[in-house]
There are 4 protein chains.
Amino acid sequence: MTETAPAEKAPFRRRRKDARPSELTTAALELFVERGYAATRLDDVAARAGVSKGTLYLYFRSKEALFKAVIEEGMLTVLAAAEQRLADYRGPATDLLREMLLDWWQQIGSTPMAGVSKLILCESSNFPQLAEYYQEQVITRGRALLRGVLRRGIEGGEFRALDIEAAIGVIIAPLLMLAISRFSLRLCSQEVTAADYLTTHVDLLLDGLRHHPDPAGATGTKAADERLR
Amino acid sequence: MTETAPAEKAPFRRRRKDARPSELTTAALELFVERGYAATRLDDVAARAGVSKGTLYLYFRSKEALFKAVIEEGMLTVLAAAEQRLADYRGPATDLLREMLLDWWQQIGSTPMAGVSKLILCESSNFPQLAEYYQEQVITRGRALLRGVLRRGIEGGEFRALDIEAAIGVIIAPLLMLAISRFSLRLCSQEVTAADYLTTHVDLLLDGLRHHPDPAGATGTKAADERLR
Amino acid sequence: MTETAPAEKAPFRRRRKDARPSELTTAALELFVERGYAATRLDDVAARAGVSKGTLYLYFRSKEALFKAVIEEGMLTVLAAAEQRLADYRGPATDLLREMLLDWWQQIGSTPMAGVSKLILCESSNFPQLAEYYQEQVITRGRALLRGVLRRGIEGGEFRALDIEAAIGVIIAPLLMLAISRFSLRLCSQEVTAADYLTTHVDLLLDGLRHHPDPAGATGTKAADERLR
Amino acid sequence: MTETAPAEKAPFRRRRKDARPSELTTAALELFVERGYAATRLDDVAARAGVSKGTLYLYFRSKEALFKAVIEEGMLTVLAAAEQRLADYRGPATDLLREMLLDWWQQIGSTPMAGVSKLILCESSNFPQLAEYYQEQVITRGRALLRGVLRRGIEGGEFRALDIEAAIGVIIAPLLMLAISRFSLRLCSQEVTAADYLTTHVDLLLDGLRHHPDPAGATGTKAADERLR
DNA sequence: AATGAATGAGTTTTCATTCAT
DNA sequence: TATGAATGAAAACTCATTCAT
C-alpha cells in the first residue's frame, strides 16, 4: 500500500499474485486439518491468510474447490518428494527399507503435508472421488515402492517369506499414526518422541522381517487363524 | 418390534422410552463416523433412527450433547469389554500379547465401537475436553495393559529390551488403522483381509520382540538416531 | 392415587375436577403476567399447576383459549367486585371517590387480578378482539363509575369544573401503575409502600379537585395549552 | 435514498454501513413495542428495515443483543434529552414543574422513545439485568430531577408538605400511562387528546400541591390509613 | 381423566456465495 | 484485483399440539 519504491511495484504485485493461491491453500490446510472440512469457515481461512473472504473466490470457485486444491497441492508435494528417491539405490533391502521409512518421515510425516493424510482419512467418505484419486495417485504408488523393497529382500534371503500386501499395511500404519497424531490426540505416540517411536518401529520391524530359523511363531499364527475364522 | 408376548402390551411405551437413547446414539454413531460431526445433520440422525427431529431433543439437549453421549456410551462398552479380560491369565507373555491383540479386534475393532476411535481421532481438536477424558479413561488404561505384558515378557526373557512406551504405540497403530479403515479409505489394509492383516502384524511383532542374539539391528538403530537429530 | 378412604373417593375427584380449570388458569395467570404470553411455555404452566401438559388440553383447546380464559376469569372477578359496590352509597362525593379508589386497591389492585391489567396493557395489540372486549366490559364500566362521582361532585359544588374524561384517566393512572408495578420494575412506586403511595395520590387528588377560588392555575393552563398546540 | 449530491456516490456504501444499526434498531423498536420481545420475529424486523434476515446478524450477535441495543439506544436518547434541560432554570417551582412535565411529553412521551418505557414495563422480568440498568440510569435520575423541584417548592412555601417519594410516583404515573397508551389499549386516556389529558393532570396536580390552609383532607387521610392497615 | 412420548411447523442462527464498489 | 456488505438456503433448536396408552 505505501510503496516506497514505485519502480518495484509491478514485480512485487506479480509475486504476491502468484503466491496468493498457495498462501490460501496453506491457510486452508491448517484449518481443515485442525477442524475438519465442514467445521472450517471460509471466513477463518481468509482471516488466517490475511485476505478478505471475497478474495478466496477469485482463486477458488467454491469451498469444495479449495479443499480439492489443498489435497492436490499436497499430493504433488508428496509425489515430488517420493519421485526423487525412486532411485537407483542398490544395497541390502534392510538398509533400503530403513531409509525409506525415515525419508518419509523427514520429507512428509514431519511437515505440514502430513495433514493431508489426516484429511483423507477423515473426509474420504465425504469426497469419494477425491479419495479414489488419492488412492490411485499416492497410496497405490507408495505401496508399490514398499512392495518392491520387500520382494527384493525376500528374494535375496534377507527377509523371511510373508504376506507382502498385509505387511505393507503393517509397516505403514505406525508411520501414519505418528504423522496424524501431530494434529490430534496422541493415540499411539503418547509421551514418546517421534525419533524414539520411529527407531523402535524400524528396529522391531527389521527384526521381525529378518530371516531366522526359529519356528515358534508358526503355532501362534495357526491359533490366530482359527480365532479369526 | 418382535413382540412374542402379546399379553405384555402395556409396557410397550415404557420399553420404547428406555430403548430410545441407545437407538438414537446408535444411529448417530453411524452417521458421525461416516460424515464427521459437523457434516452430520440431526435430521438425518433422526431419520435413520426412525423418529422425528424433535424426538432427539427429548433425549439430548443439543447436537453436542448427543455427540458426547455417543462417545461416552462407546467408551463404556470398550471399557466393559476390557475389564472382562484383565484376567488372571498366566502363561508366556508371547501368548498373552497375541491374545490381547486378537481380543481387541474381536471385541472392539471389528464392531461398531471402532467408529469411536475414528471420531476421537478426527474430532479431538473440536472437543478437547472430551478427548482428554477419552485419553484418561481409555488410552491410558489400554496402554497400561500392554505395558504390563511387555514388562513381564522382558523380565521373563521372552522379549528383548526395548523402549516400552514407544513399542506400545507401534503395536497399537496397525490395529487402530485397521479398525479406522473400515470407515474410510483403506490406507493401510488395502486388498487384504482383516485376518491376514492381523496375522501378519502379530507374527512380525512377536518375531521382532523375541530375544535373539543377532546384534545387527543395533548399528541400524544408531544410524537412524543420527538422521533424526 | 393411594386413597386411604375409598368411600370419599368420588367427592374428592369431583372436587378436583371442578377445581381444575381455575387451578390451571391461576397457574397460567402467574406465568403470563411474569413472562408475557409468547414467552410462557405450556410446559411450565402445567408444571406449576402440577399436571401434565396433556391435561391442559382437556380443559382448553389451545394456548390462546387458555389465555382468553385467564383474562375472562379475571374480568368476571373484577366485575363481580365492582358490582357489589355500585351501591346506593350516599354522601359527599369526596368521601365516595376516596372510597372507590381504596376499594379498587383492596379488591383488585392488591390481588392477583391486578395481573390482568398488565396482560391487557402488554398484549392488547396481539389480541385486539380480546382487548376490545375488555375495553367494553371493564374499562368503560369503570370509567362510568368515576364519571358519575365526578359529575355529582361538580354539580354539588364539591369539585371544581374540569375536563371530566381527562380527569378520569389522570385518576386511574397512578392506581394502575401501582398495580402493574407489582409485577415488574417499580417505575413509579420505587421505595414507597402502597399505602403511602395511595394516600398521597388521594390527598393530592382531592386537594386538586376541591373547589377553591385561587385563579393562579388558569394562567399556567393556558401556557400549557399553547405548548401542546 | 434522498441523494441530493450525486457527486457523492462513492460513500453510499459507507453511509449505508454507518446508518444500518440505527435503521435496524428503529425497525426493531417498532415491532418489539407492538408485539413484545418474544412474539417479534427477526424475519419481520429485517423485512421492516428492508434487509434480509442475515443482515441483522451482521450487526447484532443475537435477538437478545438486538433488544438490548434497542433499549440502550433509547436510553441514550432519553438521557441526552434530559441533560439538556438540567438547566439553570430559576423561578417558581410551580412553573418549573409544569415545564418539566410538558417537556417530557414533547421530548420523550410523544416520540417513539416512549416505546422503550413500554418495553421496560412489559419485559423487565425477562431481562432483569437490563431492567436494573434502566432503573439506575433513567428512573433514578428522573426521580432525582422531580425530587429537586418538589423540595424547592416545599421549602419556598409554594407547595405544601407531603411524602415526596410517593408524590414523585403519583406525578409520573399519568405521564407514563399516556405514553404507553399510544401503543396499546387506551386504558387511561380513552377519548381524550394528549393535550387535554396533560393539561388536566398538571392543573390537578398543581392545585393539589399548592399550599392552602384548608385542613379537611387530613381526616380523609387518616381514614385511608386505617383501611390500608 | 390423565399422561407424556412423539411430532413438525416455525424460529433463530450460521455461513457459503454473490456483487457493487 | 480486492473488498466486505448483503443474501438466502440450510441447519440447529423450540414448543404448541396430538394421541396411544
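The chains referred to below are lettered A, B, ... by the order of the sequence lines, with proteins before strands, and numbering in each begins at 1. Computation of the quantities below employed the complete heavy-atom set of this structure, encompassing side-chain atoms and omitting hydrogens, waters and symmetry-equivalent molecules. Everything quoted here is computed from the prediction, not taken from an experiment.
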State, yes or no, whether a side-chain contact exists between [X] and [Y] at a heavy-atom distance under 4.5 Å.
| X | Y | value |
| --- | --- | --- |
| B:L66 | B:L42 | yes |
| C:K68 | C:F60 | no |
| B:L29 | B:I71 | no |

Please determine if a side-chain N or O atom of C:Y59 lies less than 4.0 Å away from the OP1 or OP2 oxygen of E:dA1. no
So, applying ring pair (Phe, Tyr, Trp, His ring centres under 6.0 Å) with C:F127, which one of C:Y134, C:F32, C:Y37 is it? C:Y37
Can you check the [X] [atom1] to [N] [atom2] distance for me, whole Å?
| X | N | atom1 | atom2 | value |
| --- | --- | --- | --- | --- |
| A:F60 | F:dA2 | CZ | C1' | 15 Å |
| D:D18 | F:dA5 | CG | P | 10 Å |
| C:L66 | F:dT17 | CG | P | 10 Å |
| B:L58 | F:dC13 | CG | P | 15 Å |
| C:D44 | F:dT14 | CG | P | 13 Å |
| C:L56 | F:dA16 | CG | P | 10 Å |
| C:L24 | E:dA2 | CG | C1' | 12 Å |

Using distance alone, with no hydrogens and no angle criterion, decide if A:S52 and A:T55 have a side-chain donor and acceptor under 3.5 Å apart. yes
Side chains of D:T25 and D:E73: any donor to acceptor distance under 3.5 Å? yes
Using a 4.0 Å heavy-atom cut-off to protein, can you give one letter per nucleotide of nucleotides 8-13 of chain E, 5' to 3': B if the base is in contact, S if only the sugar-phosphate is, - if neither? B-BSBB
Could you identify the nucleotide paired to F:dA20, looking across every strand shown and requiring Watson-Crick or G-U wobble geometry with both distances under 3.5 Å? E:dT3
